[in-house]
Protein chains: 2
Amino acid sequence: MSNVTRKDVAKIAEVSEATVSRVFSNHHSVKAETKERVLKVASQLNYYPNVLAQNFAKRKSGNIGVVLPYIPSANVFSNYFFAEVLQGIGEVTEKNHYNMVLLFQHESNPMDYEQYFLRHEIDACLILGAKHREEEIRNLEKLHKRNLPFCMVNQHFSSQEFSEVDANHEDGSHQVIQHLYEQGCKKIAFLNGPLVFSNSSDRLAGYKKACKEWGLPLLEEFIHYGDYSRTSGYQKTDSILTLDMDAIYCANDRMAIGVMRRLEELEIQPGKDIALVGYDYSDLSRLVTPTLTSVEVPFREMGKHAAEKVLNDIAHSKVEYKQVKLATKLIINESSLLV
Amino acid sequence: MSNVTRKDVAKIAEVSEATVSRVFSNHHSVKAETKERVLKVASQLNYYPNVLAQNFAKRKSGNIGVVLPYIPSANVFSNYFFAEVLQGIGEVTEKNHYNMVLLFQHESNPMDYEQYFLRHEIDACLILGAKHREEEIRNLEKLHKRNLPFCMVNQHFSSQEFSEVDANHEDGSHQVIQHLYEQGCKKIAFLNGPLVFSNSSDRLAGYKKACKEWGLPLLEEFIHYGDYSRTSGYQKTDSILTLDMDAIYCANDRMAIGVMRRLEELEIQPGKDIALVGYDYSDLSRLVTPTLTSVEVPFREMGKHAAEKVLNDIAHSKVEYKQVKLATKLIINESSLLV
DNA sequence: ATGAAAGCGCTAACAG
DNA sequence: CTGTTAGCGCTTTCAT
């Protein structure tokens with residue numbers, strides 16, 4: 001590595017080092033003539049400011065940490081939620097010349113986010129797929145108390161007042177039940193995800209609320225729990241089928257597709273013998289046959305909002321408390337249209 | 001932010017600052033007693049070494065740049081190839097306390113990778129989805145000449161001798177044709193991807209070689225080109241169907257699924273009326289009905305190899321020239337099993 | 001095994 | 001508009 005520094009440019013262009021920096025930092029007034037001369041020398045020498053030195057002097061890493069659960073043997077990226085949120089975050093960080101640094105949280109030892117700040121590894125962080133549990137809350141509380149910029153995505157803790165960008169999953173659920181009701185379904189089974197995720201409990205609340213509203217039976221045995229994997233959908237299907245019901249509403253598309261596979265094996269046709277609804281409106285929902293009725297969630301927008309929020313905090317050197325809840329929308333497809 | 005520094009710890013622990021650093025950098029001899037005292041004080045003060053200062057002093061960013069094509073309106077992460085490679089890279093960088101920084105290459109202006117090194121933003125870089133074109137090669141050549149560590153993934157330029165981790169796509173293609181031949185197919189249409197990607201041309205070479213080997217007709221009109229998208233598969237189907245053929249081999253699963261959709265609309269059944277084969281053995285290939293026969297490519301391993309290669313270069317401060325080609329493997333499923 | 005000190009290449013005042 | 005200078009918190013080398 002060559003290592004042309006500001007000093008070299010300054011010497012040849014016959015200006016002070018500070019002026020060289022002024023030229024490269026833009027928001028400083030430099031005479032056009034001087035600027036030109038500096039830029040010319042810089043380009044001749046192939047000079048580029050050293051980001052390491054800049055970061056060090058500014059005490060900013062230029063990194064946004066993105067916390068992801070590490071799922072052994074699985075791929076976070078191939079999960080629609082993560083893929084979309086990351087894409088949204090990536091678009092915003094790129095535009096703002098920030099790096100997105102992925103931090104994998106291993107189930108076994110929850111990470112102390114604060115340390116990343118103390119080490120100056122990140123300037124802010126975004127938390128995806130957080131679970132509602134003691135240790136998590138404690139770690140977030142530390143950030144909160146120290147006024148460090150962070151934001152949760154697609155999650156909220158009823159007990160706390162953390163900044164978050166969420167979607168209205170209660171309403172999403174409500175839309176599903178209303179639609180199924182209008183399709184003539186009277187007994188709707190619900191395959192939910194683990195309640196440690198607020199979106200699961202929000203969906204449950206919406207399910208219950210809607211059932212009451214439309215006078216549908218609200219039985220405990222109608223509510224099942226998977227782990228959001230396709231396999232769990234597949235596996236839970238048999239016990240759901242022992243119920244007297246006419247529709248299955250799954251908390252995500254992957255589980256719905258697992259259910260579809262099992263129904264297929266049993267020669268039960270979704271969209272004909274039974275109504276099936278998924279959630280997320282992922283690309284998968286349009287890939288399967290019949291296409292899946294599902295709830296669209298603006299994951300990418302959520303990622304953007306969250307990233308913009310923390311970048312704003314950084315720019316203003318003060319964290320702003322913010323809670324956003326975006327709308328969800330039912331997209332009707334073949335799987336729930338009983339013919 | 002508090003900002004407890006080494007100085008604070010040194011003062012209270014009554015040692016020199018250098019000793020504090022020695023304790024935290026491990027590979028330095030410090031008397032057990034001293035070490036203990038320092039660690040105790042550090043933990044009391046909640047001290048963590050400042051990574052920005054460390055990086056600056058060491059002149060290392062701790063970042064591996066990963067170059068990805070930016071595809072507007074699409075999501076790189078939801079693409080099986082990128083998702084898997086990134087996962088592999090991520091596992092290795094995480095283990096080595098390195099960051100993976102995503103660099104999006106916009107089609108309109110190819111990036112000058114060298115600048116990232118000159119700015120000290122990255123210590124090495126990995127190139128995914130590179131196209132074979134002048135500018136790309138010129139930019140890589142600059143890295144090569146300056147002896148900067150980089151590695152291409154799933155791509156190689158016949159004209160150059162760059163480090164790369166590739167898979168044997170020629171053989172993958174060959175396996176497909178052999179299988180179809182054994183299924184009794186005599187006229188195999190091939191829907192390939194753009195030839196700017198070496199994996200496309202490798203597949204083409206394998207297709208041609210195998211056709212010759214088994215005495216199958218090798219007609220230009222049997223070879224079509226899509227852009228690896230599902231839509232392109234769907235759209236190219238009709239013209240492929242005008243041919244007198246008994247099998248369609250697609251260069252990736254997404255296109256194969258597009259073909260499936262169109263065949264479905266036309267009430268042509270893959271695995272019965274016609275044989276269909278995909279490529280990548282992505283999770284999608286197992287989601288569709290019938291399940292897709294496809295070629296497994298060890299993308300995740302490729303990401304790991306590439307990351308390990310450059311980390312090794314960094315550790316040894318010298319770039320090693322390396323070309324790896326991993327095996328591909330045909331996975332037989334329903335779509336190609338003519339009944 | 002430990003201390004002392006010279007950088008690393010910038011930013012951010014402050015002075016003129 | 002431009003120059004000067006004091007840090008930023010480490011790593012590294014040289015002494016002891």
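Chain letters run A, B, ... following the sequence lines, proteins first, then strands; residues in each count from 1.
Atoms CG (B:Asn3) and C1' (D:dC10) sit 13 Å apart, rounded to a whole Å. For B:Asn55 and D:dT12, the CG to P distance is 12 Å, given to the nearest whole Å. Across the protein-nucleic acid pair, A:Lys35 atom NZ and D:dC1 atom C1' stand 13 Å apart, rounded to whole Å. Distance, A:Phe24 CZ to C:dT11 C1': 16 Å, rounded to whole Å. Atom CD in A:Glu121 sits roughly 16 Å away from atom P in D:dG9 (whole-Å rounding). To the nearest angstrom, C1' of D:dG9 lies 14 Å from NZ of B:Lys11. As a whole-Å value, the separation of A:Lys60 NZ from D:dC8 C1' is 13 Å. Regarding B:Glu17, its CD atom lies at a distance of 14 Å from the C1' atom of C:dA6, rounded to whole Å.
In this model, the phosphate group of D:dT2 is not approached by any side-chain N or O of A:Ser16 to a distance below 4.0 Å at OP1 or OP2. Taking side-chain N and O atoms only, B:Ser25 has no distance below 4.0 Å to OP1 or OP2 of D:dT11. Residue A:Tyr48 places none of its side-chain N or O atoms closer than 4.0 Å to OP1 or OP2 of C:dG9. Side-chain N/O atoms of A:Thr34 include one lying less than 4.0 angstrom from OP1 or OP2 on D:dT2.
Closest contact between the side chain of A:Gln54 and the listed nucleotides C:dC10, C:dG9, D:dT2 involves C:dC10. Residue B:Arg59 has its side chain nearest to C:dC8 when only D:dT2, D:dT11, C:dC8 are considered. Of the listed nucleotides (C:dT2, C:dA1, D:dT12), C:dA1 has the atom at the smallest distance from the side chain of B:Ser29. For A:Val15, taking side-chain heavy atoms from C-beta onward, the closest of the listed nucleotides C:dA1, D:dG3, D:dC1 is D:dG3.
Residue-level contact check: B:Thr5 touches the backbone only, with heavy atoms under 4.0 Å from sugar-phosphate atoms and none from bases. B:Tyr47 comes within 4.0 angstrom of the backbone, heavy atoms only, and of no base.
Residue pairs meeting the ring pair (Phe, Tyr, Trp, His ring centres under 6.0 Å) criterion with at least one partner in residues 123-152 of chain B, sequence neighbours excluded, are B:His132-B:Phe157, B:His144-B:Phe162, B:Phe150-B:Phe162.
Checking side-chain atoms of B:Asp8 against main-chain N and O of B:Thr5 turns up a donor-acceptor pair under 3.5 Å.
The residue from A:Glu114, A:Gln115, A:Glu121 that alone fulfils the side chain to side chain donor-acceptor pair (under 3.5 Å) condition with B:Tyr48 is A:Gln115.
A:Asn3 and B:His120 form a side-chain donor-acceptor contact under 3.5 Å, judged by distance and modelled atom types alone.
The nearest heavy atom of DNA chain D to B:Arg22 and to A:Ala18 marks one nucleotide each, and the one closer to the 5' end goes with A:Ala18. If B:Ala57 and B:Glu14 are placed on DNA chain C by their nearest nucleotide, the residue sitting closer to the 5' end is B:Glu14.
Here B:Phe56 does not count as stacked on D:dC8, because the ring centres are not under 5.5 angstrom apart with planes under 30°.
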